Number of protein chains: 2
Amino acid sequence: MSSLKDIAAITGTSVRTVSRALNDNGYVKAALKIEILKVAKDLDYRINLMAQSLRTKKSFLIELVCPIGADYARNMPKVEAFEEKMREEGYRVSLFLLRDIENSLSKDMDVILCQNPSGIALFHFSKIDLMVKKLNDCNLPYITLGHTEKKIDKVGMDRKKGIQSALKHFQDKGRKRIAYLGNEKPKHYYGKVRLNAYLSYMKKAKLKPLILNIPTTKDNFNIARTIGKKVSLKTLPDGVLAYSDSAALGFMQGLQSRGVKFPEDISIIGFNASQAGEVSNPPLSTIAHPNEAIGTISAEILLAKIKGQKEPKAGWSRELPPVLLLREST
Amino acid sequence: MSSLKDIAAITGTSVRTVSRALNDNGYVKAALKIEILKVAKDLDYRINLMAQSLRTKKSFLIELVCPIGADYARNMPKVEAFEEKMREEGYRVSLFLLRDIENSLSKDMDVILCQNPSGIALFHFSKIDLMVKKLNDCNLPYITLGHTEKKIDKVGMDRKKGIQSALKHFQDKGRKRIAYLGNEKPKHYYGKVRLNAYLSYMKKAKLKPLILNIPTTKDNFNIARTIGKKVSLKTLPDGVLAYSDSAALGFMQGLQSRGVKFPEDISIIGFNASQAGEVSNPPLSTIAHPNEAIGTISAEILLAKIKGQKEPKAGWSRELPPVLLLREST
DNA sequence: TTGTATGCGTTATCAA
DNA sequence: TTGATAACGCATACAA
């Protein structure tokens with residue numbers, strides 16, 4: 001690997017001049033500059049980022065922290081959009097996998113911090129608040145991509161708007177008996193948000209709410225399928241808004257085995273745009289995360305923080321409208 | 001951020017001594033060492049990797065290059081295993097997304113190279129041979145995770161073994177009329193490998209080969225579904241080995257709509273363990289990539305290259321036996 | 001057992 | 001328009 005020194009030696013000039021020529025800062029005689037550029041090319045010169053960062057104290061490196069085993073099919077589109085924006089602005093993005101959060105989070109944080117990143121982006125994980133506290137202590141800008149209940153700066157989806165647009169879609173299609181398939185007594189924050197959005201919409205629309213209760217949050221698919229197999233065909237809704245895609249899919253399979261047709265008899269919309277919904281029969285309409293927007297906007301916010309812009313009155317966090325992905329189940 | 005200098009100043013000693021104490025190399029009086037460690041902790045000292053790398057000319061950084069829009073659900077398990085092995089050995093792994101390969105590959109390579117990585121790992125992309133050539137020129141160790149036809153060092157799946165184990169499974173279950181659902185005149189290397197593996201196994205087993213031809217490689221699902229809808233029920237096979245999961249799924253849907261039962265009437269196995277096959281009805285048996293092994297072993301090989309071990313007689317590349325993932329379609 | 005001095009490749013100050 | 005020189009934080013040869 002060649003360095004400025006090598007180029008200086010060959011061109012019979014000084015390191016400083018080579019630096020000036022290569023970085024286009026300061027005056028260099030035209031002919032000399034051309035020669036320096038040529039030699040640099042011949043030597044296949046590439047700047048040493050280590051040295052540059054050490055000297056300037058700016059790494060232009062963003063660590064993107066992601067817990068292992070995440071739903072990559074859902075997260076990576078966000079990462080791609082985030083990285084694209086960052087690269088446009090001259091930053092490199094490095095994905096850091098968080099493995100054993102319980103036992104080695106603080107060691108992992110050291111590894112992240114000792115690279116002197118310019119900023120940190122995070123996906124949600126269990127001890128994220130610990131990490132955020134540390135980042136604040138270090139005065140290191142951060143942003144979280146996607147959901148988390150904690151009081152931290154995040155760019156996520158506006159779930160209420162998602163529910164509303166789905167319900168409106170049902171109404172536009174003339175459906176009246178619109179049910180909510182999900183937990184009727186949600187413990188988690190986002191479960192409550194969804195249920196409340198449903199209830200308040202139904203109230204405003206003067207429609208009677210109907211809840212198909214899924215008691216737990218685990219194994220949605222099988223529970224929903226059982227519900228589909230047992231629910232009375234007489235009181236069947238004509239529109240179903242499901243808590244998740246897997247619940248929707250299970251419910252659909254359960255009823256299909258009894259001869260109910262989707263979407264002719266029942267129109268159904270899931271939540272979260274899982275891959276399974278793409279290839280189900282019929283393909284499932286779903287409320288999808290606005291992945292690109294989340295990626296791009298979280299990058300913009302992180303850049304604003306890095307550049308030292310002051311926090312907006314409304315705070316850094318943003319809730320973006322979701323995408324209603326209409327396929328063939330509605 | 002504090003440095004060795006800061007610690008030296010506080011403890012009234014020299015940078016050299018602090019370095020010795022922190023890195024456990026050389027003699028430091030026990031009491032002094034304890035004090036230094038304490039001060040380091042108080043200051044929340046973290047080594048500056050930029051400076052360390054600059055000095056030692058070793059970055060312990062692996063760039064993992066991945067084309068954008070890849071099948072992350074399939075690739076990330078490989079990445080996780082790769083990263084785990086690398087981290088055990090003290091290396092950091094950074095994911096580099098390749099966006100516009102046609103136009104900006106050489107610029108991207110510069111970005112990768114100017115970080116002075118210790119090694120490079122690659123997923124397959126269209127101009128991978130260009131990149132590999134450059135890496136060889138720079139004397140930078142690399143390994144490729146997964147398939148590629150090019151003559152480059154890779155760790156992939158032994159497709160022939162996969163086909164064989166699937167066909168053996170059919171035989172064990174007493175199936176005799178085993179068909180291959182795929183292109184009968186494959187243009188691509190791996191298409192040929194699969195077809196030939198099927199044909200030679202059938203020959204050896206003295207079974208009559210039967211090919212359900214999918215003429216193109218695109219839109220497998222719909223073409224296979226059409227085949228399923230039109231194929232004569234009289235000459236139906238009792239076992240089907242499909243070129244891909246989506247072909248298997250399409251074929252299954254086409255025949256299910258005509259009342260054929262899986263796996264009672266036909267046993268079917270796909271290829272590549274797509275997410276769709278997990279939630280199909282019935283869930284699809286499939287030949288899966290040995291992701292963990294590919295990740296771990298490619299890390300081991302790259303480490304061997306980095307450490308300057310000499311190439312084995314058989315070359316660096318490896319073909320690993322696949323995993324026959326038995327679900328409910330067989 | 002500890003300290004001094006040098007260099008890695010870059011940028012930046014200041015003088016020529 | 002150009003060039004010494006210092007400094008970033010660390011590792012190491014060598015001296016004490």
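All values derive from a computational prediction rather than experimental measurement. Chain letters run A, B, ... following the sequence lines, proteins first and then strands; every chain starts at 1.
Here the nucleotide nearest the side chain of B/R20, chosen from D/dA13, D/dT2, C/dT2, is C/dT2.
B/S317 and B/I152 make their closest contact through OG-O, 3.5 Å (heavy atoms, listed as atom of the first residue, atom of the second, distance). Annotation for B/P322 and B/M157: closest pair CB-SD, 3.4 Å, computed over non-hydrogen atoms. Taking all atoms of both residues into account, the shortest heavy-atom contact from A/D153 to A/Y142 is N-OH, 2.9 Å.
D/dG9 atom C1' lies 15 Å from atom CG of B/L43, rounded to whole Å. Distance B/K33 NZ to C/dT2 P: 11 Å, rounded to the nearest Å. Separating the NZ atom of B/K5 from the C1' atom of D/dC10 is a distance of 12 Å, rounded to the nearest angstrom. Between the P atom of C/dT2 and the CD atom of B/E35 lies a distance of 11 Å, rounded to the nearest Å. We find that CG of B/D6 is positioned 15 Å from P of D/dA7, with the value rounded to whole Å. With rounding to whole Å, A/R16 atom CZ is found 12 Å from D/dT2 atom P. When rounded to the nearest whole Å, the span between CG of B/N23 and P of D/dT12 equals 9 Å. Following rounding to the nearest Å, B/Y27 (OH) and D/dC14 (C1') show an atom-to-atom distance of 16 Å.
No side-chain heavy atom of B/V155 sits less than 4.5 Å from a side-chain heavy atom of B/L145. Residues B/F125 and B/V65 have side chains in contact (heavy-atom distance under 4.5 Å, counting atoms from C-beta outward).
Of the residues in residues 44-59 of chain B, those lying under 4.0 Å from DNA chain C by heavy-atom distance are B/L54, B/R55, B/K57.
Residue-to-nucleotide proximity on DNA chain C shows that, of B/S14 and A/V15, the 5′-proximal contact is made by B/S14.
Among the atoms of the strands shown, none is found under 4.0 Å from any heavy atom of B/N25. At the heavy-atom level, A/V28 lies under 4.0 Å from the strands shown only through sugar-phosphate atoms.
Side-chain contact annotation: B/S94 with A/S94, donor-acceptor N/O pair under 3.5 Å present.
Put simply, B/S19 has no side-chain N or O that comes within less than 4.0 Å of OP1 or OP2 on D/dC10. Contact check, B/T13 against C/dT2: no side-chain N or O comes under 4.0 Å of OP1 or OP2.
Using a cut-off of 4.0 Å between Lys/Arg side-chain N and Asp/Glu carboxylate O, A/D44 and A/R46 are scored as salt-bridged.
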